[in-house]
Amino acid sequence: MEIIISKDYDELSRTAAGIIRDQVTAKPNSVLGLATGGTPIGTYKELIRMHEKEGLDFSKVTTFNLDEYVGLEPTHEQSYHYFMHENLFNHINVNPENIHVPSGVASDFESYCRSYEEEIKGAGGIDLQLLGIGSDGHIAFNEPGTSLASRTHIETLDELTIKDNARFFDKPKDVPRFAITMGVGTILDVKAILLIANGEKKADVVATFIEGPITSQVTSSALQLHPCVTVVLDEPAASRLKRLDYYKWAYANKPKLAK
Ligand code: PGA
């Protein structure tokens, strides 16, 4: 894992967007895995700026989102369909036909989950997957106890996730109890991973998933098994890493390898 520590949220967002820009520039028809939540909003703002001011071109890009609440129509303001259009898709030149967000209102979820996996495979797999992390250590909606080999499935949300996400809804009881989510195994199949986390609230879980044991109780810890993971943190989120000084030194002194 490469750990990059930014001084604040703005720098983190610029760094993360820069990694996505480099991917899209190197491979214009990249398949990007995208995430929702508070954390990626700054990254998406920066990508929109790069599109508007620097001509970053998304016309050949394909996207797959991680998850969606079960029961929310795409037009619901708290659905992840709505979030992605508001915060990114409406402001860049991605082809609507290339956008994939799992449906929260499928009539047969079992076959729908299988077809989502097939669509990812059919697109050639995900080149770069953006991830946030929940305070319970989840990636996508893979709550504690989810198999580290899981594929796209319906997940029962943990109390902590419902509490964390209640801030987006009028009342805590409005937060859906179930979600459709890529599995941990689906995520481990992608070619490269970019995980972002900011704020002191994430400091404990960040230290746990990077430096703790691999366990299904902290599904993000499975990323230790992936060969190409970049973690971009701000100083508060990085503050409880035991080897903080090492990560900083290693990044600042990274040898420039000839291509
Ligand atoms: P957040 O959520 O970005 O709103 O903190 C992250 C997550 O639950 O994956």
Audit row: Leu194, Leu131, side-chain contact (heavy atoms from CB on, under 4.5 Å) steps and yes/no: CA-CA 6 Å; Leu194 169 59; Leu131 294 176; over 6 Å; no
Residues Asp8, Arg14; criterion salt bridge (charged side-chain N to carboxylate O under 4.0 Å, His left out); working and verdict: CA-CA 10 Å; Asp8 55 21; Arg14 283 196 300 275; 5.3 Å; no
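- Neither Leu66 nor Phe83 shares a network with the other; the hydrophobic side chains, linked directly or stepwise wherever heavy atoms of I, L, V, M, F, W or Y lie under 4.5 Å apart, form separate groups for each.
- A donor-acceptor distance shorter than 3.5 angstrom exists from the side chain of His91 to the backbone of Glu86, with no hydrogens or angles considered.
- Remark: side-chain polar atoms of Ser150 are not paired, donor with acceptor, to backbone N or O of Gly183 under 3.5 angstrom.
- Between Arg114 and Glu117, no side-chain nitrogen of the basic residue sits less than 4.0 Å from a carboxylate oxygen of the acidic one, so the salt-bridge criterion is not met.
- Two residues are said to be in side-chain contact when any heavy atoms from C-beta on lie closer than 4.5 Å; Leu233 and Asn198 fail this criterion.
- Without hydrogens or angle criteria, Asn253 side chain to Trp249 main chain gives a donor-acceptor distance under 3.5 Å.
- Counting heavy atoms from C-beta on, the side chains of Glu118 and Ile120 never come closer than 4.5 Å.
- In this structure, the side chains of Glu73 and His81 stay at 4.5 Å or more apart for every pair of heavy atoms.
- Counting heavy atoms from C-beta on, the side chains of Pro40 and Leu130 come closer than 4.5 Å.
- The heavy-atom pair separating Pro172 from Ala166 by the smallest distance is CA-CB, 3.9 Å.
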From CA spacing to verdict: side-chain contact (heavy atoms from CB on, under 4.5 Å), Val205, Asp136: CA-CA 7 Å; Val205 78; Asp136 64 0; over 6 Å; no
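- Residue pairs that meet the side chain to side chain donor-acceptor pair (under 3.5 Å) test with at least one member in residues 212-235, sequence neighbours left out, are Glu235-Lys248.
- One hydrophobic cluster, built from ILVMFWY side chains closer than 4.5 Å, holds both Leu148 and Leu195.
- Linking Ile, Leu, Val, Met, Phe, Trp and Tyr residues whenever their side-chain heavy atoms come within less than 4.5 Å leaves Leu72 and Phe109 in two separate clusters.
- In this structure, Gln129 CD and Cys228 SG are separated by 13.0 Å, a value rounded to the nearest 0.5 Å.
- Below 30°, between 30° and 60°, or above 60°: for Phe141 and Tyr69 the angle between ring planes is between 30° and 60°, a tilted geometry.
- Summarising the local packing, CZ of Phe169 is surrounded by more than 12 heavy atoms from other residues, nucleotides or ligands at distances under 6.0 Å.
- In Glu77, the CD atom is not crowded: 12 or fewer heavy atoms of neighbouring residues, nucleotides or ligands sit closer than 6.0 Å.
- The heavy-atom pair separating Leu223 from Val229 by the smallest distance is O-CG2, 3.6 Å.
- Asp164 has its side chain within reach of Lys201: a pair of non-hydrogen atoms, C-beta onward, lies under 4.5 Å apart.
- Ring planes of Tyr116 and Tyr112: parallel class, angle under 30° (limits at 30 and 60°).
- Residues Thr43 and Ile196 form a side-chain contact, since some pair of their non-hydrogen atoms from C-beta on lies under 4.5 Å apart.
- Between the NZ atom in Lys163 and the CG atom in Leu157 there is a gap of 14.5 Å [rounded to 0.5 Å].
- Across Thr181, Thr146, Thr161, a single residue satisfies side-chain hydrogen bond (donor to acceptor under 3.5 Å, both in side chains) together with Glu155, and that is Thr146.
- Judged by distance alone, the side chain of Asp67 and the main-chain N or O of Ala179 form no donor-acceptor pair under 3.5 Å.
- Remark: the backbone N or O of Met84 is not paired with any side-chain donor or acceptor of Asn87 at under 3.5 angstrom.
- For Glu143 (side chain) and Asp158 (main-chain N/O), a donor-acceptor pair under 3.5 Å exists by modelled atom type.
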Asp189 vs Arg151, side-chain contact (heavy atoms from CB on, under 4.5 Å): CA-CA, chis, key distance, verdict: CA-CA 10 Å; Asp189 277 353; Arg151 311 304 304 189; 2.9 Å; yes
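- The same ILVMFWY cluster, assembled from side-chain heavy atoms under 4.5 Å apart, contains both Tyr44 and Tyr9.
- Val175 places none of its side-chain heavy atoms less than 4.5 Å from the side chain of Gln78.
- Across every non-hydrogen atom of Pro176 and Ile162, the tightest pair is O-CG1, 4.3 Å.
- Two different hydrophobic clusters hold Val101 and Ile180 under the rule that ILVMFWY side chains link at heavy-atom gaps under 4.5 Å.
- Atom NZ of Lys191 is surrounded by more than 12 heavy atoms from other residues, nucleotides or ligands within 6.0 Å.
- Between Glu52 and Arg49, no side-chain nitrogen of the basic residue sits less than 4.0 Å from a carboxylate oxygen of the acidic one, so the salt-bridge criterion is not met.
- Judged purely by atom type and a 3.5 angstrom limit, Glu211 uses its side chain to pair as donor or acceptor with the backbone of Lys242.
- Atom CZ of Phe178 sits about 12.0 Å away from atom NE2 of His153, to the nearest 0.5 Å.
- Ser239 and Pro236 get closest at one heavy-atom pair: OG-O, 2.7 Å.
- Here the closest heavy-atom approach between residue Leu32 and residue Ile20 is recorded as CD1-CG2, 4.0 Å.
- What you find for His51 and Ile92 is that their closest heavy atoms are CD2-CA, 3.7 Å.
- When side chains are defined from C-beta on, Met50 counts as touching Glu46, because their heavy atoms get closer than 4.5 Å.
- Heavy atoms from other residues, nucleotides or ligands lying under 6.0 Å from OH of Tyr251 number 12 at most.
- Among residues at least two apart or in separate chains, side chain to side chain donor-acceptor pair (under 3.5 Å) pairs with a member in residues 16-41 are Gln23-Ser30, Lys27-Asp127.
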Enumerate, atom names and distances included, each donor-acceptor pair closer than 3.5 Å involving a side-chain atom of residues 58-65, sequence neighbours excluded.
residue	atom	partner	partner atom	Å
Ser59	OG	Asp57	OD1	2.9
Ser59	OG	Asp57	OD2	3.2
Asn65	ND2	Leu34	O	3.3

Evaluation steps, side-chain contact (heavy atoms from CB on, under 4.5 Å), between Thr75 and Tyr82: CA-CA 6 Å; Thr75 49; Tyr82 191 92; 5.6 Å; no
